[in-house]
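Residue numbers start from 1 in every chain, and the chains themselves are labelled A, B, ... in the order their sequence lines are given, proteins ahead of strands. Since we're looking at a predicted model, the values are computed, not measured.
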Amino acid sequence: MSRLANAFSKGRPALVTFVTAGDPTPDATPAILDALVEGGADVIELGMPFTDPMADGPAIQAANLRSLAAGTRTADILRIATDFRARHPEVPLVLMGYANPMTIRGPEWFAAECARAGVDGVICVDIPPEEDPELGPALRSAGIALIRLATPTTDAKRLPTVLQDTSGFLYYVSVAGITGKQQAALGSIEDAVARLKSATELPVAVGFGVRTPDQASAIAKVADGVVVGSALVEMVAEWGPDAAGPVREATRALADAVHSAKEIGQQ
Amino acid sequence: MNAPNPNSFRNQPDERGHFGQFGGRYVAETLMPLILDLEKEYKAAKDDPSFREEFEDLLEHYVGRPSPLYFAPRLTEELGGAQVWFKRDELNHTGAHKINNCIGQILLAIRMGKTRIIAETGAGQHGVATATVAARFGLPCVVYMGATDVERQQPNVFRMKLLGAEVIPVESGARTLKDAMNEALRDWVANVHDTFYIIGTAAGPHPYPELVRDFQSVIGREAREQMLARTGKLPDLLVAAIGGGSNAIGLFHPFLDDADVKMLGVEAAGHGLDKQHAASLAGGRPGILHGNKTYLLQDEDGQIAEAHSISAGLDYPGIGPEHSWLKEIGRVDYTSVTDDEALQAFQLLCRTEGIIPALEPSHAIAAVRKVAPTMGKDEIILANLCGRGDKDIFTVADALGVKL
């Protein structure tokens, strides 16, 4: 079983956590990633900083710019990933970011580097299924999952297009909007997840606007996983190089809430 | 009816919105359904005679088209070579070519039942044009503008406010056009249900580059007819400034299959191509930003560089995808001129023709100044005077060391 499949087969919902690589500095990131694992995160999303993070709200925009201002390069991110894999052989690691930094040296280069670093999956915000040739085939032939996003605007007619060639898990963006802003009504999330699950065998993780353990628990009751990003990124902004401790505590509270939300029968 | 010409340069993009390897639809999933809707609606509008009639009626009676084609005798004499002609799109309502596109897009917005308009703007010309059509059709309008541009284009900011638009200064990045576009995309993704994004240049996700080009092609269609009527022949060379490239593609596109007509696009070389500039074709390479693949100013990791031009309308690190394609296939030549050369050309046109051009077409005029003397007196250059310079007098005064 792949690391990602394993993370969603523990008999309870999974906590997926996001932080931006190189924020506040490339040297500070490994301790923050370790804190996420120690706190109980099941999947780690590592954001690749970009100068123009169009889909992100103020918190993650600022994290991108802090990271780039600290001199973070693509090579640093790959090194952070490689070292993470050495320290945590079992914890799935997903790179998340924008098309240009991922494709600028060619998709094959990026896919090969991801494979070498032990990356399990890639989420690319601005490559929809229509532009899949730009990245998807290279990732899949390197054995890396391309994890697509479904949104409230993805209707039933379009959903099969989104699911085509998606693997690892399906990321449900619960609000039409940018990261870290408003939260969707629970009822609408429940309906959406049910609709997605009737169309795919993949686990469905829900993100965008999830900040507190209470919110995470409520969503975990109706989904296979919960993604928390901006709230953790804001802690990194507040604590800087000393963020690992507070991030570990916050992750632990989120993980306890998510893991205890319900039992999921083994398949 | 003639069969389509398989070798035409005018049949791009393909059904996926690609101009060769450029263009495409690189947007977040939230926007994809809307982009597909827009494509469908634009196709239907193109085939709907009533859409075209309303568009043309507004261009004639509201914008003031056709714009004149003007032979510039004293500039021609001063340069001592080819005859210089201008397409006078600076005489349009709102003072630039931008309004042509805004009329088309707001008609699409209404057709799609959208009730709120957003736009990004650099120099403020597109913002003013968008605020204008929003006022004309009674729709609320929000314009995102980089805070740096808000400072250097105060007259246009005030114009937009008079027209009822809300102008939101964008503080991220270098606080110019690129950042305004990021913020407009963030607004759009959160308000897709009721909001239409009027993109100001021939860039962004498909179908924007195509529809902006089509709406702006009125420039080239008119100019082609006018030139034939006045001189009995086609121009030898077309010249236009390029930021995103909407005025240039609007002039060039109707001439692309006229093999004897050469074309020159003029990018902004800012302080110089070895320093900070905005010449994506000269100094960039292909990448993905703002929904399309095109030439971008960027570093080896794909991080986007900050552009610089004295002209806020050219201050953008990318270019419309069709220009990237036309460069690669060699149909259009591209060059660049610096801030200083544009400033000199600005003054030259004021002095010789009694026309105050915007800083954007001043780049085209600077290129004309270089190339006209190398051509014969029987040859014709047609340059697009895509905007007037009233908005720029403070910037120019500042650059010339004059205190107003």
Q. Of the non-hydrogen atoms in B:Gln303 and A:Pro49, which two are nearest, and what is the gap between them?
A. NE2-O, 3.0 Å
Q. Shortest non-hydrogen contact from A:Thr153 to B:Thr30?
A. OG1-O, 2.8 Å
**Q.** Proximity of residues 129-136 of chain A to chain B, residues having a non-hydrogen atom under 4.5 angstrom
**A.** A:Pro129, A:Glu130, A:Glu131, A:Pro133, A:Glu134
Q. If contact means a heavy atom pair closer than 4.5 Å, which residues of residues 188-211 of chain B contact chain A?
A. B:Val189, B:Ala190, B:Val192
Q. Which one, A:Ile127, A:Val173, A:Asp126, leads in non-hydrogen pairs under 4.5 Å with chain B?
A. A:Asp126
Q: Ignoring hydrogens and angles, tell me if any N or O in the side chain of A:Asn100 forms a donor-acceptor pair with the backbone of B:Gly302 under 3.5 Å.
A: yes
Q | Residue pair B:Glu29, A:Arg148: steps toward the side-chain contact (heavy atoms from CB on, under 4.5 Å) verdict | A | CA-CA 9 Å; B:Glu29 172 60 23; A:Arg148 290 233 182 82; over 6 Å; no
Q: Pick whichever of B:Glu306, B:Met32, B:His18 has the most heavy-atom pairs under 4.5 Å with chain A.
A: B:Met32
**Q.** Options A:Thr151, A:Leu68, A:Val175, A:Ile178, ranked by heavy-atom pairs under 4.5 Å with chain B, top entry
**A.** A:Thr151
Q: Could you tell me the separation between the CG atom of B:Asp301 and the CZ atom of A:Phe50, rounded to the nearest 0.5 Å?
A: 11.0 Å
Q.
Distance check, rounded to the nearest 0.5 Å: A:Asp52 atom CG versus B:Gln298 atom CD?
A. 11.0 Å
Q: Name all residues meeting the side-chain hydrogen bond (donor to acceptor under 3.5 Å, both in side chains) criterion together with B:Thr294; count only those two or more places apart in sequence or in a different chain, and write none if there are none.
A: B:Ser324
Q: Name the region of B:Ile304, side chain, backbone, both or neither, that has any atom closer than 4.5 Å to a heavy atom of chain A.
A: both
Q | Least distance between heavy atoms, A:Pro53 atom then B:Arg186 atom | A | O-NH2, 2.8 Å
Q.
Counting only non-hydrogen atoms closer than 4.5 Å, does A:Arg105 touch chain B with its backbone (N, CA, C, O), its side chain (CB onward), both, or neither?
A. side chain
**Q.** Euclidean distance, B:Leu31 CG relative to A:Met54 CE, rounded to 0.5 Å
**A.** 10.5 Å
Q. Do other residues, nucleotides or ligands put more than 12 heavy atoms under 6.0 Å from B:Lys40 NZ?
A. no
(Q) Give the interface residues of residues 154-162 of chain A toward chain B, defined by a heavy-atom separation under 4.5 Å. (A) A:Thr154, A:Arg158, A:Val162
Q: Could you walk me through whether A:Ile104 and B:Glu300 pass side-chain contact (heavy atoms from CB on, under 4.5 Å), step by step?
A: CA-CA 8 Å; A:Ile104 192 66; B:Glu300 59 268 39; over 6 Å; no
Q.
Given heavy-atom pairs under 4.5 angstrom as the criterion, report whether the side chain, backbone, both or neither of B:Leu34 touches chain A.
A. neither
